[in-house]
Peer 1: 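One structure is given below, represented as structure tokens, and several questions about it will come after.
As the structure lists them, so they are numbered: ligands from 1, and atoms in each ligand from 1. What you see below is based on every heavy atom in this structure, not just the backbone, and it leaves out hydrogens, waters and symmetry mates.
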Amino acid sequence: MPVSDISPTATFHDLKEASVFITGGGSGIGAALTDGFLGQGAKVAFVGRSDANRFCDEMQEKHGQRPLFIQCDITDIPALKSAINSAATAHGPITTLVNNAANDLRHKASEVTEEFWDKAMAINLKAYFFACQAVEQGMRAAGGGSIINFSSISYMMGNAGYPVYTTANSGINGMTRSLAREFGDGAIRVNALAPGWVLTQKQKEMWATPEDLAAHLARQCLKEHLAPQDIVDGVLFLASKASRMMTGQALVIDGGVVGTG
Ligand SMILES: NC(=O)C1=CN([C@@H]2O[C@H](COP(=O)(O)OP(=O)(O)OC[C@H]3O[C@@H](n4cnc5c(N)ncnc54)[C@H](O)[C@@H]3O)[C@@H](O)[C@H]2O)C=CC1
Ligand SMILES: O=C(O)C(=O)C[C@H](O)C(=O)CO
């Protein structure tokens, strides 16, 4: 489905003018999130490795407001912190952080080198932590905020084929619970969101064989594959004061896989 067709169903009035920072907000689920937050009237900044100006043009045309794109590899922690500072300077202190960028490259345990491990963890876990650290003081000064850390049901399913990724996904949930405790006295909420299999263009091109899709659907209670926009309303809810007393949780949006297999 083209990005332009994405339309979240809920309106969260407190997200109007909110300063939102999204990692990997230019493609896949992240692009749907950028679109969704702009649709709420939020000010959105996002980072990604490759040029996203065409996507920003599309968003400006659709919403009358351009997201701020900052080119940045999130494994470069000083660059990530600098991007967060630039976004806060442009839009005001970040009150919603979405740690979305990740890499689910397939691999076998026997093939994992130390170098691969370090690189995978740098993208899928380390960057998440340092982005949380970088927004803490600004959120405290602003009177609070919401952090949403993308995890995945893949570790809950005990999936093979990407063990370093699933290790990081599990770590994200532990980190989320600890940071929820540590940041809670600043009214900063920290939650995880674990999607099921979401058929982005990349998933369709790289991993989704007809056999695997059928097997996955057989495990879902709801017999329809998820699209990126199915994740958006859940993120908006976690960002909004609609979830004001919810923190340290992992929200699963998967069509009903976990616990049914
Ligand atoms: N698509 C799916 O089926 C599922 C996705 N998820 C999670 O949802 C989130 C989004 O997933 P997708 O949209 O499928 O991912 P994707 O791979 O399609 O997009 C990830 C985005 O992050 C960016 N990115 C990756 N590495 C980066 C780096 N080093 N520096 C800066 N940007 C970088 C990419 O350019 C891209 O914009 C991830 O956290 C993923 O683990 C979880 C479960 C299932
Ligand atoms: O995190 C991921 O990426 C996934 O979980 C993708 C799908 O859920 C999957 O691989 C299903 O088998």
Peer 1: Ignoring hydrogens, what is the shortest heavy-atom contact between Leu15 and Leu236? Give both atom names and the distance.
Peer 2: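 Of all heavy-atom pairs spanning Leu15 and Leu236, the closest is CD1-O, 3.8 Å.
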Peer 1: Is it true that Asn149 and Thr176 share a donor-acceptor pair across their side chains at a distance under 3.5 Å?
Peer 2: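 Asn149 and Thr176 do have a side-chain donor-acceptor pair below 3.5 Å.
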Peer 1: Is it true that Phe21 and Phe46 have ring centroids separated by less than 6.0 Å?
Peer 2: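 That pair fails the under 6.0 Å test.
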Peer 1: Between ligand 1 and the protein, which N/O pairs fall short of 3.5 Å?
Peer 2:
| from | atom 1 | to | atom 2 | distance (Å) |
| --- | --- | --- | --- | --- |
| ligand 1 | 1 (N) | Val198 | O | 3.2 |
| ligand 1 | 3 (O) | Val198 | N | 2.8 |
| ligand 1 | 3 (O) | Val198 | O | 3.3 |
| ligand 1 | 13 (O) | Ile29 | N | 2.8 |
| ligand 1 | 17 (O) | Lys202 | NZ | 2.8 |
| ligand 1 | 26 (N) | Arg49 | NH2 | 3.3 |
| ligand 1 | 29 (N) | Asp73 | OD1 | 3.0 |
| ligand 1 | 30 (N) | Ile74 | N | 2.9 |
| ligand 1 | 37 (O) | Ser27 | OG | 2.7 |
| ligand 1 | 39 (O) | Asn100 | O | 2.7 |
| ligand 1 | 39 (O) | Tyr128 | OH | 3.2 |
| ligand 1 | 41 (O) | Tyr165 | OH | 2.5 |

Peer 1: Measuring centre to centre across the rings, with the benzene-like ring taken for any Trp, is His107 within less than 6.0 Å of Tyr162?
Peer 2: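 Between Tyr162 and His107, which both carry aromatic rings, the centre distance is not below 6.0 Å.
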Peer 1: If you count only heavy atoms, which residues are under 4.0 Å from ligand 2?
Peer 2: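 Contacts of ligand 2 under 4.0 Å: Asp104, Arg106, Ser152, Ser154, Asn159, Tyr162, Tyr165, Trp197, Gln203, His216.
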Peer 1: Tell me, with the steps shown, if Val44 and Ile22 meet side chain to side chain contact (heavy atoms under 4.5 Å, CB included).
Peer 2: CA-CA 8 Å; Val44 179; Ile22 304 171; 3.9 Å; yes
Peer 1: Specify whether His216 and Trp197 have parallel, tilted or perpendicular ring planes, treating 30° as the upper limit for parallel and 60° as the lower limit for perpendicular.
Peer 2: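 Perpendicular, since the angle between the ring planes exceeds 60°.
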Peer 1: Start with the C-alpha distance between Arg140 and Glu136, add both sets of side-chain angles, then the distance that settles salt bridge (charged side-chain N to carboxylate O under 4.0 Å, His left out), and finish with yes or no.
Peer 2: CA-CA 6 Å; Arg140 282 184 183 275; Glu136 181 195 357; 2.8 Å; yes
Peer 1: I'd like to know if Asp104 pairs up with Arg106 as an ion pair, taking the criterion as any Lys NZ or Arg NE/NH1/NH2 lying under 4.0 Å from an Asp or Glu carboxylate oxygen.
Peer 2: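 Yes, charged N to carboxylate O under 4.0 Å.
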Peer 1: Restricting to non-hydrogen atoms, name the atom on Glu17 and the atom on Lys43 that form the minimum distance, rounded to 0.1 Å.
Peer 2: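 Taking Glu17 first and Lys43 second, the nearest heavy atoms are O-CE, 3.1 Å.
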